[in-house]
Protein chains: 2
Amino acid sequence: MTRTDSKPSGRLPKSERRAQVLAAAQEVFVAAGYHAAGMDDIAERAGVSKPVLYQHFSSKLDLYLALLDAGIEELHAGYAAGLRSTSDNKVRVQRTVQAYFAFVEDPQGAFRLVFESDLINEAAVRERVDRADLAVAQAIAHVITEDTGLSPQQALLLGSGMLGMSQVAARRWLRHARTEISREEAAELIASLGWRGISGFPLSHPPED
Amino acid sequence: MTRTDSKPSGRLPKSERRAQVLAAAQEVFVAAGYHAAGMDDIAERAGVSKPVLYQHFSSKLDLYLALLDAGIEELHAGYAAGLRSTSDNKVRVQRTVQAYFAFVEDPQGAFRLVFESDLINEAAVRERVDRADLAVAQAIAHVITEDTGLSPQQALLLGSGMLGMSQVAARRWLRHARTEISREEAAELIASLGWRGISGFPLSHPPED
DNA sequence: CCGACCGTGGAGGTCAAGATCGGTGTCCAA
DNA sequence: TTGGACACCGATCTTGACCTCCACGGTCGG
């Protein structure tokens, strides 16, 4: 019985141990937020000691940023697939909103790191979240400019409005309406709200001074 | 000239001194966030000593909650006035969105405490923000149920979508589009987005425009 | 004129949490 | 089998921030 591969606390390859630490850190950060989370908690959750944490990540912030990047990438992959799946802008909006709801429903809770981070004052975090939001808003703005004659600035503002609509509604649905309304129905409702709002704009928008 | 009332550091009535402390604390919290702000900074900013802080507020959290409550009340007063100013639901939506943009533009920056708090994990903070959001969403949901045949749950979800739309768009406008688009135009754009979205739902009254 | 009092100011205590060092067990190779 | 080296763990250090104690100056009553 010299083999102890199945033992969770045994020696693991570096990448596997790193993934384990990341998973544990995500659980703790999601449950408690950045500031309330302790490296002790993360180490205990991962079943390793604190020095092992610092063998993989140079600091608490580094660990958090790795998880934040993964979460943003997860969200990006979700809506990007929806955008490329069709050229029908209405369906594109539906897919994007669906992606937000799916992201929020993810059992790992990565949305807490992207949408509800308590480290938003940190420049690195703020910058990444801003960039992610801008990408989504621009994607929606692109859809808008195809269907309306609004200026890029106006379209981008509307895009951020659509983004906020999806984000906040998805979070409210998850917390307060998940048992009453299915994910698909909720997303469809919000997508209808957004699409009707967008498609109501005139094709040629005269600037009103 | 025995009285030195005009001297800032002199004796002040308790309420006035408290207001001064609150103003200084708001500046520091808005600029740095809760965690990065120090009681030393607040005391220095207010021109008082730390014991004076603790004569007025029992803890840092207490001080923050006082400011958060004031900010929420400011937002509430803004949109509540707009809702009562008319019975035209379209105008109500416009006024509500305008209130969000005005709140975000407030030079004291109270919106940072309500919309971008880095203490959102604290139960007291989360509860107050949730309650404030729910109030707005319910107010909008009431408007929605008047014009559509949606269920209360559906209307509340749409209301939170409208809320998020206004909130996120207002923040983006403040940070990235303030010089290009006026506040009124931006708010009108978002209000149009939301109103067209709402009025497009079935069983709605025919649009007057 | 003088003494007592009250509020201010700066220095310090405490504690939590992030970031590291000696000891140890285990695995591999000759 | 056995020696060596590597990776891990308990215990520790330090920093930083929230929260109170000793000396000082101005004011009011006798």
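So that the names make sense, note that chain A is the first sequence line, chain B the second, and so on, each numbered from 1.
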What is the separation between atom [atom1] on [X] and atom [atom2] on [N], rounded to the nearest whole Å?
{"X": "His56(B)", "N": "dC19(D)", "atom1": "NE2", "atom2": "P", "value": "16 Å"}
{"X": "Gln55(B)", "N": "dT8(C)", "atom1": "CD", "atom2": "C1'", "value": "9 Å"}
{"X": "Leu63(A)", "N": "dA17(C)", "atom1": "CG", "atom2": "C1'", "value": "15 Å"}
{"X": "Met39(B)", "N": "dG10(C)", "atom1": "CE", "atom2": "P", "value": "16 Å"}
{"X": "Leu53(B)", "N": "dT8(C)", "atom1": "CG", "atom2": "P", "value": "11 Å"}
{"X": "Tyr34(B)", "N": "dA17(D)", "atom1": "OH", "atom2": "P", "value": "13 Å"}
{"X": "Glu44(A)", "N": "dG18(C)", "atom1": "CD", "atom2": "P", "value": "14 Å"}
{"X": "His35(B)", "N": "dA16(C)", "atom1": "NE2", "atom2": "C1'", "value": "13 Å"}

Quiz prompt | Below 4.0 Å: OP1/OP2 of dC9(D) and any side-chain N or O of Ser49(A) | solution =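 True: Ser49(A) side-chain N/O within range (under 4.0 Å) of dC9(D) OP1/OP2.
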[X] side chain: which of [options] is closest?
{"X": "Lys50(B)", "options": "dT8(C), dA19(C), dC19(D)", "result": "dC19(D)"}
{"X": "Tyr54(B)", "options": "dC8(D), dC18(D), dA19(C)", "result": "dC18(D)"}
{"X": "Val52(A)", "options": "dT8(C), dC9(D), dT20(C)", "result": "dC9(D)"}

Quiz item: Which part of the nucleic acid, if any, lies within contact of Ala36(B), taking any heavy atom under 4.0 Å across all strands shown: a base, the sugar-phosphate backbone alone, or nothing?
Solution: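 Contact class for Ala36(B): none.
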Practice problem: Would you classify Ala37(A) as touching base, sugar-phosphate or nothing, given that sugar-phosphate means primed atoms plus P, OP1 and OP2, and contacts are heavy atoms under 4.0 Å? | Solution: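 Sugar-phosphate contact only.
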Salt bridge check: are [X] and [Y] linked by an N-O gap of less than 4.0 Å?
{"X": "Arg131(A)", "Y": "Glu127(A)", "value": "yes"}
{"X": "Lys50(B)", "Y": "Glu44(B)", "value": "no"}
{"X": "Arg175(B)", "Y": "Glu105(B)", "value": "no"}

Quiz item: About how many Å separate CG of Leu75(A) and CD of Gln167(A), when rounded to the nearest 0.5 Å?
Solution: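 So the CD of Gln167(A) and the CG of Leu75(A) are separated by 9.0 Å.
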Practice problem: Hey, can you tell me if Phe103(B) and Phe115(B) have their rings parallel, tilted or perpendicular (30° and 60° cut-offs)? | Solution: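 Correct class here is perpendicular.
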Practice problem: Please tell me which of Lys60(B) and Pro51(B) maps to the more 5' nucleotide of DNA chain D, matching each residue to the nucleotide holding its nearest heavy atom. | Solution: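 Of the two residues, Lys60(B) wins.
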